Number of protein chains: 2
Amino acid sequence: MIARLEDMSNKLKKNKVRLSHQRLKALEYLYKNHGHPTVDQIYNDLRREVPTLSKTTVYNALTALCKARLVRVITIEDNETRYELITKSHGHFKCQLCGAIYDFNINIDSFATEDLDNFKVTDKDVYFKGVCPRCLENKK
Amino acid sequence: MIARLEDMSNKLKKNKVRLSHQRLKALEYLYKNHGHPTVDQIYNDLRREVPTLSKTTVYNALTALCKARLVRVITIEDNETRYELITKSHGHFKCQLCGAIYDFNINIDSFATEDLDNFKVTDKDVYFKGVCPRCLENKK
DNA sequence: GTTCCTGCAAAAGCTTTGCAGAAGA
DNA sequence: TCTTCTGCAAAGCTTTTGCAGGAAC
């Protein structure tokens, strides 16, 4: 984590993003939980550690971290913006019953897409939806 | 279009969704424009033909058509819900400069995803972002 | 005749903006 | 010191809800 933080710190400097206490906490939160939290989840959880935290700051922090390419937005559902640390490329699956989001390995670059030969592609997202094993089991 | 409408009509009946004038117009709109309009675009364009139309009805119509699986939601960006007619599987590319959305052919089922062997997958979305050829040209 | 849909107004939710004081570099 | 960030309140949007009258079946 410490070494990682130094990498992050460099990325932030390059993008002229200051590493404030709140932003560090947000990064730490994403790092520890390894999930895909919404702004509201981050806000409510971090408020325990940072009582003065405001939602505006959560928005600001996440936008700044996205700008520095440490964090990315997940838009798997239209009524919720989620964030995750940028790690290696993977797909996202959302269970329509329990709402849980799962990561799965997928080689997105293996897709044949000659249609996009003249496009500059900077982001690739794969979103699947359905029912997760746990909910399938519960329905029986 | 006529034959297609009959197919659609059957799908609607199966799902107990009434084919009101407004819903028919919304379907017709998606069919004619073959795009990925937002609620606002549909509302503003259809208002010319259906002056009494309300936005609530546009929401209602699209939700109903989604339920009958004639239409699907595109959530490529977090601040806009877009809709399209369900046709054959394809990917979506959004240009970050001009905002245009392009379809591209992609065989989503060709992905190897043993991680999801125990999942029931009902929806698959592939979203790419970047810069389209036209905008790349304009930047030169 | 029933049931479901429309459209208005109001409410609810999420995100952004403006700004004074505080913190980071 | 200078610049940027925080946190509050307010504003701006999008989407949902409640409901009376109307349309579909």
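No experiment lies behind these values; they were computed from the predicted model shown. Just so it is clear: chains get the letters A, B, ... in the order the sequence lines come, proteins before strands, and each one is counted from 1.
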### Query
Nearest nucleotide by nearest heavy atom, which residue falls closer to the 5' end of DNA chain C, B/Asp78 or B/Gln22?
B/Gln22
### Query
What orientation do B/Phe128 and B/Phe104 show, parallel under 30°, tilted 30 to 60°, or perpendicular over 60°?
tilted
### Message
Would you call the rings of B/His92 and B/Tyr127 parallel, tilted or perpendicular, taking 30° and 60° as the class edges?
### Response
tilted
Could you give the [atom1]-to-[atom2] distance, from [X] to [N], as a whole number of Å?
X       : N      : atom1 : atom2 : value
A/Leu19 : C/dA23 : CG    : C1'   : 13 Å
A/Asp40 : C/dA12 : CG    : P     : 17 Å
B/Tyr43 : C/dC8  : OH    : P     : 8 Å
B/Lys16 : C/dC5  : NZ    : P     : 12 Å
A/Leu24 : D/dC5  : CG    : C1'   : 14 Å
B/Lys25 : C/dT6  : NZ    : P     : 14 Å
B/Arg82 : D/dT14 : CZ    : P     : 12 Å
B/His21 : D/dG22 : NE2   : C1'   : 15 Å

### Query
Is A/Arg23 near enough to D/dT4 that one of its side-chain N or O atoms lies under 4.0 angstrom from OP1 or OP2?
no
### Message
Between A/Thr81 and C/dT15, is there a contact of a side-chain N or O with OP1 or OP2 at under 4.0 Å?
### Response
yes
### Query
Where do A/Glu80 and A/Arg82 land on the salt bridge (charged side-chain N to carboxylate O under 4.0 Å, His left out) test, with the steps shown first?
CA-CA 6 Å; A/Glu80 54 184 27; A/Arg82 293 171 176 275; 2.9 Å; yes
#### Entry: Donor-acceptor contact below 3.5 Å, side chain B/Gln41 vs main chain B/Thr38
yes
### Query
Okay, side chain of B/Asn33, backbone of B/Tyr29: is any donor-acceptor separation there less than 3.5 Å?
yes
### Closest to the A/Arg18 side chain, choosing from C/dA25, D/dC25, D/dT6
C/dA25
#### Entry: CZ/A/Arg134: more than 12 non-hydrogen atoms of other groups inside 6.0 Å
no
### Query
More than 12 heavy atoms of other residues, nucleotides or ligands under 6.0 Å from NZ of A/Lys129: is that the case?
yes
### Query
So which of residues 45-70 of chain A are in contact with DNA chain D, with a heavy-atom cut-off of under 4.0 Å?
A/Thr52, A/Leu53, A/Ser54, A/Thr56, A/Thr57, A/Asn60
